[in-house]
There are 2 protein chains.
Amino acid sequence: MDVRTQILDVATRRFAAQGYGGTSLSAIADEVGIRKASLLYHFPSKDELHRSVLDQVLSRWNEVLPRLLAAGSADRFDALLHETVRFFSEDPDRARLILRETLDNPVTMRERLLVAVAPWLQVIAGYVRRGQESGEVRADADPEAYLLHVIHLVVGGLAISDTLGIVLSPDGASSDIQRLTRELERIAKVSLFTDEGIERMNGRRAAAHAGSH
Amino acid sequence: MDVRTQILDVATRRFAAQGYGGTSLSAIADEVGIRKASLLYHFPSKDELHRSVLDQVLSRWNEVLPRLLAAGSADRFDALLHETVRFFSEDPDRARLILRETLDNPVTMRERLLVAVAPWLQVIAGYVRRGQESGEVRADADPEAYLLHVIHLVVGGLAISDTLGIVLSPDGASSDIQRLTRELERIAKVSLFTDEGIERMNGRRAAAHAGSH
DNA sequence: GTAGCTCTCTACCGATCGGTAGGGAGACCC
DNA sequence: GGGTCTCCCTACCGATCGGTAGAGAGCTAC
C-alpha cells in the first residue's frame, strides 16, 4: 500500500481514538514504520495531516449523496438515513473524528457540515414541505436544524457504539446495526412528525410487514 | 472563592472545551492567576486534577437521584429524564466532559456510568416490566442498554448544543430547552415502546392537552 | 520570640513536542 | 556517465510539557 495512504489510515485511527492533542506524529510514524521526518515529507505539518484526515472522511461521505440522488428512489429520505448509518457503521472512527472535531471547533465544524450536506438540504426541504402539506410533518419543522439533528444523532450513536454495546460489522449485516438503523429511522421521524404522522407511519409499517408474509 | 474551587472551575471549562491532551496546567494556572507550581500544590498531578473534575460532575449528577426517588412522583421515568436534561443543560460542559471521557476511555467510562446510574436501573427496570405487561413496551427491551442509550442521547445532544443551534439558559427556561426536553422524552419512549404504546402515549398527550384548556 | 503550618513563589529538571537541515540511496532521463 | 527527482534517514532545533526542589511570606499556637 502507498505510504501516504498508510499514514492517513493510521492517523485516522489515532486521531479518532486519542484526539488531536493526544496523538503525536512520532506515534503515527512508528506505527507506519517510518521516521517522523519522513512523515513530515508527505504531510508538511500536523495540522495539514489532520485536515487531510478530516477532508477524506467528509469527501467520502459526500460521495454517497450523488449515488442516492441518481437512484431517485421513491422515498429518498429513508435511503439517505439508511446510507448515512451504513457509512458511519462501516467505520465508526469516521463518526468519532467528526464528533471530536465538533467538540474541538464547534463553529468551524457546524459550517463545514452545513456545506457538506447542502445538496441533501434540498431533498429534506422537499420532504418536509410535502409532509407538512399532508399534515404528517409538524408545521414548525426547520429542515436545516433537523438535518443537523439527525446527522449528529447517527454520528453520536456510532461514535460511542462500543460503549453502548452495539456490535458492528463491516458489511452492516450485524443484527445490532440493523436494529440501530430501524431505531434511528423511527427516532428521526418522530422528531419530525406530528402524532397523526406517526400513526400513519406505524400503519404503513404494519401493512408492509403483513404484506411481506 | 476558594482557590481549589477556582482551579476546579477553570479546569472543568478547559477540559470540556479542549480535552485532556489539549489543556495544559500552565494555561489553567494562568487563568486562575497563580503559578503552575502552586496549582500542583492543590492537585498533585494533571491526572488527579482531571479525575477530580470528572468526579465532581458525576457526584453532582448523582445528587439528583435521591431527590427524585424521595419525591416518589407518579411517573418517575418522566421526572428522571426531565431532571437529567435540566442537569446537563444547566452547564453543557458537564455533558462535554462525559462525552470526551467516553471517547478517550470507552471501557472505563462505560463501567463508571453504569455504577453511577445503578440506583436508577431499578426504577427503569420496574418501568420496563410494567410496560411490557401492559403491552406498551417491547418484549426485547433491555433496561441497562436502554438506560445507557437515553443518557448518551441527552449527553450527546447537549454537548454539541451550540453546534445544533440550541439556545441554553441556566434556569432551563429557554424555549429551546423546553422543546428539546419534550423531544427527548418522545424519542426516549419511541425507542422503548411498541407501536401500540406510542399511540396510547399520543392519545394521553392529546387528552392532557385538551384538559389543560 | 519561635516553632510550625499553609500556601505561593522562582528556578530548574528530563522528556517530548512539532518542525528543520542536510545528506544518502535508489530510480529515471538524457 | 552525470543530473535530477523521490523518498527516507540521522541529527538537531527551540518550545513546551508535567513535575520537583526549596526558599520565603503570612498566619496561628504556645
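Throughout, a chain's letter reflects where its sequence line sits, starting with A, and its residues are numbered from 1.
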Could you pull out the protein-nucleic contacts involving nucleotides 21-27 of chain C (nitrogen or oxygen on both sides, under 3.5 Å)?
none

In whole angstrom, what separates [X]'s [atom1] from [N]'s [atom2]?
X	N	atom1	atom2	value
B/Leu39	D/dT20	CG	P	13 Å
A/Ile34	D/dC8	CD1	C1'	8 Å
B/Phe43	D/dG18	CZ	C1'	16 Å
A/Leu40	D/dC7	CG	P	15 Å
B/Asp47	D/dC17	CG	C1'	14 Å
A/Leu25	D/dC13	CG	P	20 Å
A/Lys46	D/dC17	NZ	P	13 Å
B/Tyr41	D/dG18	OH	C1'	20 Å

Charged N-O contact under 4.0 Å between [X] and [Y]:
X	Y	result
A/Asp140	B/Arg179	yes
B/Lys189	B/Glu185	no
A/Arg112	A/Glu101	no
B/Asp91	B/Arg13	no
A/Glu183	B/Arg138	yes

Exercise. Between D/dG19, D/dC17, D/dC7, which nucleotide gets closest to the side-chain atoms of A/His42?
Worked result: D/dC7
Problem set entry | Donor/acceptor link under 3.5 angstrom from A/Lys36 side chain onto base of C/dG19 |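 Pair found.
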For this session: Would you classify B/Ser38 as touching base, sugar-phosphate or nothing, given that sugar-phosphate means primed atoms plus P, OP1 and OP2, and contacts are heavy atoms under 4.0 Å?
Result: base
For this session: Fit a plane to each ring of A/Tyr20 and A/Phe15, take the angle between them on a 0 to 90° scale, and name the class: parallel (under 30°), tilted (30 to 60°) or perpendicular (over 60°).
Result: parallel
Problem set entry | Cation-pi, B/Phe87 ring and B/Arg94 (6.0 angstrom, 45 degrees) | yes
Problem set entry | Given DNA chain C, 5'-ward residue of the pair B/Arg35 and A/Pro44, judged by closest heavy atom |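 Mapping each residue to its closest nucleotide by heavy atoms, the 5'-most match is B/Arg35.
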Exercise. At under 4.0 Å, does any side-chain N or O of B/Ser26 touch on OP1 or OP2 of D/dC17?
Worked result: yes
